[in-house]
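Below is one structure; the comments refer to it alone.
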Amino acid sequence: MDASWYVLLALLLGFAIGAASVHLLGIAAQRGRQVMAIASEPVPDGVAAMVGVLESAGIVLDGSNQVLLASPGAHNLDIVDGRTLRSHEILDAVRRVWRTGETEVLDLVHRRGRIGAGTELHLRVRIAPLGNRFMLVLAADRTEELRLAGVRRDFVANVSHELKTPIGAVTVLAEAIEAAADDPDRVRSFAQRMQVEADRLARMTKGLIDLSRIQSDDPLDRPERVSIAAVVDVAIDRNRVLADAKRMRIMPRVLEDAVVLGSEELITMAVQNLVSNAVQYSPEATHVGIGVRVVDGVIEIAVTDKGVGIAVEERERIFERFYRVDPARSRVTGGTGLGLSIVKHVAVSHGGEVTLWSRPGQGSTFTLRLPVAQQPARKEIA
Ligand code: ADP
(Lines give C-alpha, C1' and ligand atoms only; values in the text may rest on other atoms or scores of the structure.)
Protein backbone atom coordinates (compact mmCIF):
# COMPACT_ATOMS: atom_id res chain seq x y z
CA MET A 1 0.00 0.00 0.00
CA ASP A 2 1.35 3.31 -0.87
CA ALA A 3 1.06 6.39 1.28
CA SER A 4 -2.04 7.67 -0.49
CA TRP A 5 -3.98 4.53 0.57
CA TYR A 6 -3.06 5.15 4.21
CA VAL A 7 -4.31 8.69 3.93
CA LEU A 8 -7.63 7.55 2.36
CA LEU A 9 -8.07 4.82 5.00
CA ALA A 10 -7.40 7.26 7.81
CA LEU A 11 -9.94 9.68 6.31
CA LEU A 12 -12.63 6.96 5.99
CA LEU A 13 -11.98 5.78 9.54
CA GLY A 14 -12.12 9.32 10.86
CA PHE A 15 -15.41 9.92 9.00
CA ALA A 16 -16.91 6.64 10.32
CA ILE A 17 -15.91 7.40 13.91
CA GLY A 18 -17.22 10.96 13.55
CA ALA A 19 -20.55 9.83 12.10
CA ALA A 20 -20.99 7.16 14.79
CA SER A 21 -20.33 9.57 17.59
CA VAL A 22 -22.75 12.14 16.11
CA HIS A 23 -25.43 9.40 15.93
CA LEU A 24 -24.77 8.33 19.53
CA LEU A 25 -24.89 11.93 20.72
CA GLY A 26 -28.25 12.30 18.88
CA ILE A 27 -29.69 9.28 20.70
CA ALA A 28 -28.41 10.59 24.03
CA ALA A 29 -29.90 14.02 23.35
CA GLN A 30 -33.25 12.51 22.36
CA ARG A 31 -33.35 10.36 25.50
CA GLY A 32 -32.45 13.42 27.57
CA ARG A 33 -35.32 15.40 26.03
CA GLN A 34 -37.82 12.63 26.77
CA VAL A 35 -36.71 12.36 30.37
CA MET A 36 -36.99 16.11 30.80
CA ALA A 37 -40.44 16.12 29.25
CA ILE A 38 -41.65 13.46 31.67
CA ALA A 39 -40.12 15.24 34.61
CA SER A 40 -41.57 18.67 33.76
CA GLU A 41 -44.99 17.69 32.35
CA PRO A 42 -46.32 14.51 33.90
CA VAL A 43 -49.83 15.21 32.61
CA PRO A 44 -51.42 12.33 30.62
CA ASP A 45 -51.10 12.49 26.83
CA GLY A 46 -53.62 14.73 25.09
CA VAL A 47 -54.87 16.44 28.26
CA ALA A 48 -52.97 19.66 27.57
CA ALA A 49 -54.35 19.78 24.02
CA MET A 50 -57.87 19.07 25.30
CA VAL A 51 -57.71 21.78 27.98
CA GLY A 52 -56.40 24.20 25.35
CA VAL A 53 -59.46 23.84 23.12
CA LEU A 54 -62.12 23.98 25.85
CA GLU A 55 -64.31 27.07 26.04
CA SER A 56 -64.04 27.09 29.84
CA ALA A 57 -60.83 27.85 31.68
CA GLY A 58 -59.03 24.58 32.49
CA ILE A 59 -56.56 23.62 35.20
CA VAL A 60 -54.89 20.27 36.00
CA LEU A 61 -53.71 19.75 39.59
CA ASP A 62 -51.43 17.10 41.01
CA GLY A 63 -52.02 15.06 44.19
CA SER A 64 -50.81 17.92 46.40
CA ASN A 65 -53.12 20.39 44.63
CA GLN A 66 -50.26 22.13 42.80
CA VAL A 67 -51.12 23.55 39.37
CA LEU A 68 -49.45 21.47 36.66
CA LEU A 69 -51.26 23.03 33.74
CA ALA A 70 -53.43 26.10 33.32
CA SER A 71 -55.08 27.35 30.14
CA PRO A 72 -54.84 31.06 29.21
CA GLY A 73 -58.52 31.36 30.23
CA ALA A 74 -57.62 30.34 33.79
CA HIS A 75 -55.10 33.17 33.94
CA ASN A 76 -57.66 35.61 32.47
CA LEU A 77 -60.13 34.72 35.22
CA ASP A 78 -57.29 35.13 37.72
CA ILE A 79 -57.98 31.84 39.49
CA VAL A 80 -54.37 30.62 39.50
CA ASP A 81 -51.34 32.25 41.00
CA GLY A 82 -48.20 30.49 39.81
CA ARG A 83 -48.60 26.90 41.03
CA THR A 84 -51.46 27.53 43.47
CA LEU A 85 -55.20 28.05 43.15
CA ARG A 86 -56.29 31.53 44.24
CA SER A 87 -59.79 30.57 45.32
CA HIS A 88 -60.25 28.91 48.69
CA GLU A 89 -63.72 27.80 47.68
CA ILE A 90 -62.35 25.90 44.68
CA LEU A 91 -59.53 24.45 46.77
CA ASP A 92 -61.97 23.20 49.44
CA ALA A 93 -64.09 21.57 46.73
CA VAL A 94 -60.99 19.94 45.20
CA ARG A 95 -60.16 18.40 48.61
CA ARG A 96 -63.72 17.05 48.86
CA VAL A 97 -63.44 15.50 45.39
CA TRP A 98 -60.15 13.81 46.36
CA ARG A 99 -61.97 12.28 49.34
CA THR A 100 -65.20 11.25 47.62
CA GLY A 101 -64.03 10.65 44.04
CA GLU A 102 -67.32 12.27 42.92
CA THR A 103 -67.42 15.08 40.33
CA GLU A 104 -68.58 18.38 41.85
CA VAL A 105 -70.19 21.48 40.29
CA LEU A 106 -70.29 24.76 42.20
CA ASP A 107 -71.35 28.34 41.47
CA LEU A 108 -69.29 30.98 43.15
CA VAL A 109 -68.43 34.66 43.08
CA HIS A 110 -64.75 35.29 42.44
CA ARG A 111 -62.97 38.61 42.69
CA ARG A 112 -60.60 39.22 39.78
CA GLY A 113 -57.67 41.55 40.41
CA ARG A 114 -55.60 42.13 43.49
CA ILE A 115 -55.57 45.92 43.60
CA GLY A 116 -58.62 47.85 44.81
CA ALA A 117 -62.06 46.27 44.76
CA GLY A 118 -61.40 44.21 41.61
CA THR A 119 -64.20 42.83 39.43
CA GLU A 120 -66.79 40.37 40.65
CA LEU A 121 -67.04 37.32 38.39
CA HIS A 122 -69.77 34.68 38.59
CA LEU A 123 -68.13 31.34 37.87
CA ARG A 124 -69.53 27.87 37.38
CA VAL A 125 -66.75 25.46 38.37
CA ARG A 126 -66.63 21.72 37.60
CA ILE A 127 -64.12 19.53 39.40
CA ALA A 128 -63.47 15.95 38.32
CA PRO A 129 -60.75 13.38 39.06
CA LEU A 130 -58.49 12.65 36.09
CA GLY A 131 -57.40 9.07 36.72
CA ASN A 132 -56.24 8.71 40.32
CA ARG A 133 -53.26 11.06 40.24
CA PHE A 134 -54.68 14.27 38.82
CA MET A 135 -57.63 16.60 39.25
CA LEU A 136 -59.30 18.58 36.46
CA VAL A 137 -60.85 21.97 37.28
CA LEU A 138 -62.98 23.71 34.64
CA ALA A 139 -64.34 27.23 35.25
CA ALA A 140 -66.86 29.04 33.02
CA ASP A 141 -67.50 32.77 33.38
CA ARG A 142 -71.27 33.32 33.65
CA THR A 143 -71.14 37.02 34.60
CA GLU A 144 -72.43 38.34 31.26
CA GLU A 145 -75.07 35.61 30.98
CA LEU A 146 -76.44 36.47 34.45
CA ARG A 147 -76.32 40.22 33.74
CA LEU A 148 -78.34 39.74 30.55
CA ALA A 149 -80.85 37.56 32.38
CA GLY A 150 -81.22 40.40 34.92
CA VAL A 151 -81.70 43.00 32.18
CA ARG A 152 -84.37 40.79 30.58
CA ARG A 153 -86.15 40.32 33.92
CA ASP A 154 -86.10 44.08 34.64
CA PHE A 155 -87.32 44.77 31.13
CA VAL A 156 -90.31 42.45 31.43
CA ALA A 157 -91.13 43.93 34.87
CA ASN A 158 -90.84 47.47 33.45
CA VAL A 159 -92.99 46.72 30.43
CA SER A 160 -95.74 45.19 32.56
CA HIS A 161 -95.62 48.13 34.95
CA GLU A 162 -95.62 50.75 32.16
CA LEU A 163 -98.47 49.11 30.25
CA LYS A 164 -100.56 48.62 33.37
CA THR A 165 -101.10 52.37 33.90
CA PRO A 166 -102.69 53.27 30.53
CA ILE A 167 -104.58 49.96 30.34
CA GLY A 168 -105.99 50.60 33.84
CA ALA A 169 -106.93 54.14 32.81
CA VAL A 170 -108.75 52.91 29.69
CA THR A 171 -110.75 50.43 31.81
CA VAL A 172 -111.71 53.07 34.38
CA LEU A 173 -112.69 55.55 31.64
CA ALA A 174 -114.82 52.94 29.86
CA GLU A 175 -116.69 52.34 33.11
CA ALA A 176 -117.08 56.11 33.63
CA ILE A 177 -118.54 56.49 30.12
CA GLU A 178 -121.04 53.75 30.83
CA ALA A 179 -122.06 55.37 34.12
CA ALA A 180 -122.42 58.81 32.48
CA ALA A 181 -124.37 57.53 29.45
CA ASP A 182 -127.10 60.19 29.93
CA ASP A 183 -124.69 63.11 30.12
CA PRO A 184 -123.20 63.81 26.65
CA ASP A 185 -120.68 66.41 27.91
CA ARG A 186 -119.14 64.02 30.42
CA VAL A 187 -119.16 61.18 27.88
CA ARG A 188 -117.28 63.43 25.44
CA SER A 189 -114.72 64.44 28.06
CA PHE A 190 -114.11 60.82 29.17
CA ALA A 191 -113.85 59.70 25.56
CA GLN A 192 -111.21 62.38 24.87
CA ARG A 193 -109.16 61.24 27.85
CA MET A 194 -109.54 57.67 26.66
CA GLN A 195 -108.09 58.69 23.32
CA VAL A 196 -105.03 60.20 25.05
CA GLU A 197 -104.41 56.93 26.93
CA ALA A 198 -104.95 54.87 23.78
CA ASP A 199 -102.43 57.08 21.93
CA ARG A 200 -99.94 56.54 24.72
CA LEU A 201 -100.45 52.78 24.52
CA ALA A 202 -99.97 52.87 20.76
CA ARG A 203 -96.76 54.94 21.08
CA MET A 204 -95.41 52.62 23.76
CA THR A 205 -96.16 49.52 21.71
CA LYS A 206 -94.47 51.07 18.68
CA GLY A 207 -91.45 52.06 20.80
CA LEU A 208 -91.13 48.54 22.16
CA ILE A 209 -91.38 46.98 18.72
CA ASP A 210 -88.76 49.44 17.36
CA LEU A 211 -86.44 48.70 20.26
CA SER A 212 -86.68 44.94 19.98
CA ARG A 213 -86.12 45.18 16.20
CA ILE A 214 -82.99 47.26 16.65
CA GLN A 215 -81.70 44.83 19.26
CA SER A 216 -82.29 41.74 17.16
CA ASP A 217 -81.19 43.13 13.75
CA ASP A 218 -77.66 44.20 12.95
CA PRO A 219 -78.00 47.22 10.62
CA LEU A 220 -74.45 46.62 9.43
CA ASP A 221 -75.30 43.15 8.11
CA ARG A 222 -76.84 44.47 4.90
CA PRO A 223 -76.09 48.20 5.13
CA GLU A 224 -77.53 50.96 2.93
CA ARG A 225 -75.61 54.12 2.06
CA VAL A 226 -77.41 56.78 4.08
CA SER A 227 -77.09 60.50 3.33
CA ILE A 228 -77.24 62.41 6.59
CA ALA A 229 -78.50 65.67 4.99
CA ALA A 230 -81.54 63.74 3.67
CA VAL A 231 -82.10 62.15 7.10
CA VAL A 232 -82.09 65.58 8.78
CA ASP A 233 -84.66 66.91 6.26
CA VAL A 234 -87.05 64.01 6.97
CA ALA A 235 -86.56 64.29 10.76
CA ILE A 236 -87.44 68.01 10.62
CA ASP A 237 -90.46 67.34 8.42
CA ARG A 238 -91.84 64.77 10.84
CA ASN A 239 -91.64 67.28 13.72
CA ARG A 240 -93.09 70.26 11.87
CA VAL A 241 -96.66 69.98 13.19
CA LEU A 242 -95.45 69.71 16.79
CA ALA A 243 -93.04 72.64 16.34
CA ASP A 244 -95.70 74.83 14.63
CA ALA A 245 -98.10 74.16 17.49
CA LYS A 246 -95.49 75.63 19.86
CA ARG A 247 -94.52 78.41 17.44
CA MET A 248 -91.01 77.00 17.30
CA ARG A 249 -88.52 77.09 14.43
CA ILE A 250 -86.22 74.21 13.62
CA MET A 251 -83.07 75.52 11.96
CA PRO A 252 -80.73 73.09 10.19
CA ARG A 253 -77.11 74.03 9.50
CA VAL A 254 -75.54 71.31 7.39
CA LEU A 255 -71.91 72.39 6.96
CA GLU A 256 -70.94 69.18 5.22
CA ASP A 257 -72.92 66.11 4.18
CA ALA A 258 -71.56 62.59 4.41
CA VAL A 259 -72.71 59.03 3.87
CA VAL A 260 -73.03 56.55 6.72
CA LEU A 261 -73.42 52.79 6.27
CA GLY A 262 -76.46 51.33 8.01
CA SER A 263 -80.23 51.61 8.12
CA GLU A 264 -81.77 54.84 6.82
CA GLU A 265 -84.98 54.13 8.71
CA LEU A 266 -83.23 53.66 12.06
CA ILE A 267 -80.92 56.68 11.72
CA THR A 268 -83.93 58.82 10.75
CA MET A 269 -85.82 57.48 13.77
CA ALA A 270 -82.91 58.45 16.05
CA VAL A 271 -82.58 62.01 14.71
CA GLN A 272 -86.36 62.41 14.72
CA ASN A 273 -86.47 61.39 18.42
CA LEU A 274 -83.78 63.94 19.30
CA VAL A 275 -85.61 66.72 17.44
CA SER A 276 -88.96 65.78 18.96
CA ASN A 277 -87.44 65.84 22.48
CA ALA A 278 -85.85 69.22 21.78
CA VAL A 279 -89.28 70.60 20.81
CA GLN A 280 -91.07 68.78 23.63
CA TYR A 281 -88.79 69.94 26.44
CA SER A 282 -88.47 73.60 25.35
CA PRO A 283 -90.71 76.59 26.02
CA GLU A 284 -92.89 78.01 23.23
CA ALA A 285 -91.41 80.32 20.59
CA THR A 286 -87.81 79.15 21.08
CA HIS A 287 -85.50 77.75 18.40
CA VAL A 288 -84.09 74.27 17.86
CA GLY A 289 -80.82 74.04 15.94
CA ILE A 290 -79.47 71.03 14.05
CA GLY A 291 -75.80 71.27 13.17
CA VAL A 292 -74.12 68.71 10.93
CA ARG A 293 -70.34 68.53 10.45
CA VAL A 294 -67.63 65.97 9.79
CA VAL A 295 -64.69 65.68 12.20
CA ASP A 296 -61.93 63.09 11.66
CA GLY A 297 -64.07 60.58 9.76
CA VAL A 298 -67.05 60.97 12.10
CA ILE A 299 -70.24 62.81 11.18
CA GLU A 300 -71.76 64.72 14.08
CA ILE A 301 -75.45 65.59 14.15
CA ALA A 302 -75.95 68.01 17.05
CA VAL A 303 -79.50 68.87 18.12
CA THR A 304 -79.56 71.95 20.35
CA ASP A 305 -82.47 73.41 22.29
CA LYS A 306 -83.05 76.27 24.71
CA GLY A 307 -85.20 74.11 26.95
CA VAL A 308 -85.37 72.92 30.54
CA GLY A 309 -81.97 71.17 30.47
CA ILE A 310 -80.97 68.01 32.33
CA ALA A 311 -79.34 67.81 35.77
CA VAL A 312 -75.93 66.08 36.00
CA GLU A 313 -77.29 63.15 38.05
CA GLU A 314 -79.91 62.37 35.38
CA ARG A 315 -77.55 62.35 32.37
CA GLU A 316 -76.72 58.64 32.43
CA ARG A 317 -80.18 57.46 33.41
CA ILE A 318 -82.17 59.23 30.68
CA PHE A 319 -80.79 56.71 28.15
CA GLU A 320 -82.34 53.81 30.09
CA ARG A 321 -85.59 52.28 28.88
CA PHE A 322 -88.69 53.91 30.40
CA TYR A 323 -86.65 56.43 32.39
CA ARG A 324 -88.25 59.88 32.60
CA VAL A 325 -86.96 62.79 34.65
CA ASP A 326 -90.47 63.90 35.53
CA PRO A 327 -92.93 61.00 35.12
CA ALA A 328 -95.91 63.16 36.18
CA ARG A 329 -95.18 65.73 33.47
CA SER A 330 -94.54 63.08 30.84
CA ARG A 331 -97.97 61.61 31.53
CA VAL A 332 -99.29 64.93 30.21
CA THR A 333 -96.89 65.13 27.24
CA GLY A 334 -97.38 61.42 26.45
CA GLY A 335 -93.66 60.57 26.86
CA THR A 336 -92.83 56.88 27.03
CA GLY A 337 -89.20 57.05 28.19
CA LEU A 338 -88.17 54.93 25.20
CA GLY A 339 -87.01 57.65 22.78
CA LEU A 340 -83.45 58.10 24.03
CA SER A 341 -82.81 54.40 24.55
CA ILE A 342 -83.73 53.94 20.88
CA VAL A 343 -81.28 56.75 19.97
CA LYS A 344 -78.54 55.08 22.00
CA HIS A 345 -79.13 51.67 20.45
CA VAL A 346 -79.15 53.08 16.93
CA ALA A 347 -75.86 54.89 17.65
CA VAL A 348 -74.14 51.84 19.12
CA SER A 349 -75.41 49.41 16.47
CA HIS A 350 -73.94 51.72 13.78
CA GLY A 351 -70.56 51.81 15.53
CA GLY A 352 -71.20 55.30 16.91
CA GLU A 353 -72.29 57.02 20.12
CA VAL A 354 -74.55 59.73 21.48
CA THR A 355 -73.14 62.45 23.72
CA LEU A 356 -74.89 65.09 25.79
CA TRP A 357 -74.11 68.61 26.89
CA SER A 358 -76.68 70.31 29.08
CA ARG A 359 -77.19 73.12 31.55
CA PRO A 360 -80.41 73.05 33.62
CA GLY A 361 -82.58 76.04 32.79
CA GLN A 362 -80.54 76.91 29.68
CA GLY A 363 -80.83 73.99 27.29
CA SER A 364 -79.26 70.83 25.95
CA THR A 365 -77.30 69.54 22.98
CA PHE A 366 -77.54 65.88 22.05
CA THR A 367 -74.90 64.85 19.51
CA LEU A 368 -75.24 61.68 17.47
CA ARG A 369 -71.75 60.67 16.23
CA LEU A 370 -71.54 58.08 13.42
CA PRO A 371 -68.57 56.82 11.40
CA VAL A 372 -68.52 58.13 7.82
CA ALA A 373 -68.55 55.40 5.13
CA GLN A 374 -65.36 54.89 3.18
CA GLN A 375 -65.45 56.24 -0.37
CA PRO A 376 -66.53 53.41 -2.68
CA ALA A 377 -63.97 52.25 -5.25
CA ARG A 378 -64.25 53.89 -8.68
CA LYS A 379 -65.52 50.63 -10.19
CA GLU A 380 -68.46 50.52 -7.77
CA ILE A 381 -69.56 54.05 -8.70
CA ALA A 382 -69.66 53.24 -12.42
P1 ADP B 1 -89.69 60.53 26.69
O2 ADP B 1 -90.65 59.72 25.90
O3 ADP B 1 -90.08 60.67 28.12
O4 ADP B 1 -89.32 61.82 26.05
P5 ADP B 1 -86.92 59.83 26.23
O6 ADP B 1 -86.22 58.54 26.39
O7 ADP B 1 -86.90 60.44 24.87
O8 ADP B 1 -88.39 59.60 26.73
O9 ADP B 1 -86.32 60.85 27.25
C10 ADP B 1 -86.11 60.48 28.60
C11 ADP B 1 -86.17 61.69 29.50
O12 ADP B 1 -85.07 62.55 29.25
C13 ADP B 1 -87.39 62.56 29.26
O14 ADP B 1 -88.49 62.12 30.05
C15 ADP B 1 -86.92 63.93 29.66
O16 ADP B 1 -87.08 64.10 31.04
C17 ADP B 1 -85.42 63.91 29.38
N18 ADP B 1 -85.09 64.62 28.11
C19 ADP B 1 -84.94 64.06 26.89
N20 ADP B 1 -84.61 64.99 25.98
C21 ADP B 1 -84.56 66.16 26.63
C22 ADP B 1 -84.27 67.53 26.24
N23 ADP B 1 -83.94 67.83 24.97
N24 ADP B 1 -84.30 68.48 27.19
C25 ADP B 1 -84.59 68.16 28.48
N26 ADP B 1 -84.89 66.92 28.91
C27 ADP B 1 -84.86 65.92 28.00
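Just so you know, ligand 1 is whichever comes first in the structure, and atom 1 is the first atom listed for that ligand. Source: prediction; values computed, not measured.
- Residues Val226 and Leu370 are not in side-chain contact: their nearest non-hydrogen atoms beyond the backbone lie 4.5 Å or more apart.
- Which parts of ligand 1 touch Gly337 is read off a 4.0 Å heavy-atom cut-off, strictly below it: atoms 1 (P), 2 (O), 3 (O), 6 (O), 8 (O).
- The ligand atoms of ligand 1 that sit less than 4.0 angstrom from a heavy atom of Gly309 are 25 (C).
- When heavy-atom distances to ligand 1 are checked against a 4.0 Å cut-off, Val308 comes that close only through its side chain, counted from C-beta outward.
- No heavy atom of Asn273 sits closer than 4.0 Å to any atom of ligand 1.
- Counting only heavy atoms from C-beta outward, the side chains of Leu163 and Thr165 never approach each other to under 4.5 Å.
- With ligand atoms numbered from 1 in the order given, ligand 1 contributes 10 (C), 11 (C) to contacts under 4.0 Å with heavy atoms of Tyr323.
- By the criterion of a heavy-atom distance under 4.0 Å, neither the backbone nor the side chain of Phe319 is placed next to ligand 1.
- For Lys246 (side chain) and Ser282 (main-chain N/O), a donor-acceptor pair under 3.5 Å exists by modelled atom type.
- When each atom of ligand 1 is checked for a heavy atom of Leu338 under 4.0 Å away, the hits are 6 (O), 8 (O).
- Where the criterion is an N or O separation shorter than 3.5 Å, residue side chain and backbone included, Arg324 fails it with respect to ligand 1.
- Counting heavy atoms from C-beta on, the side chains of Val288 and Thr304 never come closer than 4.5 Å.
- Considering backbone and side-chain N/O of Asn277, one or more are found under 3.5 Å from N/O of ligand 1.
- Between the Ser364 side chain and the Arg359 main chain, no donor and acceptor come within less than 3.5 Å of each other.
- Within the 4.0 Å heavy-atom shell around ligand 1 one finds Ser364.
- Side-chain atoms of Ser227 and Asp257 include a donor-acceptor pair closer than 3.5 Å.
- For ligand 1, the atoms lying closer than 4.0 Å to a non-hydrogen atom of Phe366 are 20 (N), 21 (C), 22 (C), 23 (N).
- On a distance-only criterion, Leu340 and ligand 1 share at least one N/O pair closer than 3.5 Å.
- Here the side chain of Thr367 pairs no donor or acceptor atom with the backbone of Glu300 at under 3.5 angstrom.
- When heavy-atom distances to ligand 1 are checked against a 4.0 Å cut-off, Thr336 comes that close through both its backbone and its side chain.
- Remark: side-chain polar atoms of Ser349 are paired, donor with acceptor, to backbone N or O of His345 under 3.5 angstrom.
- Other residues, nucleotides and ligands contribute over 12 non-hydrogen atoms within 6.0 Å of the CD atom of Glu284.
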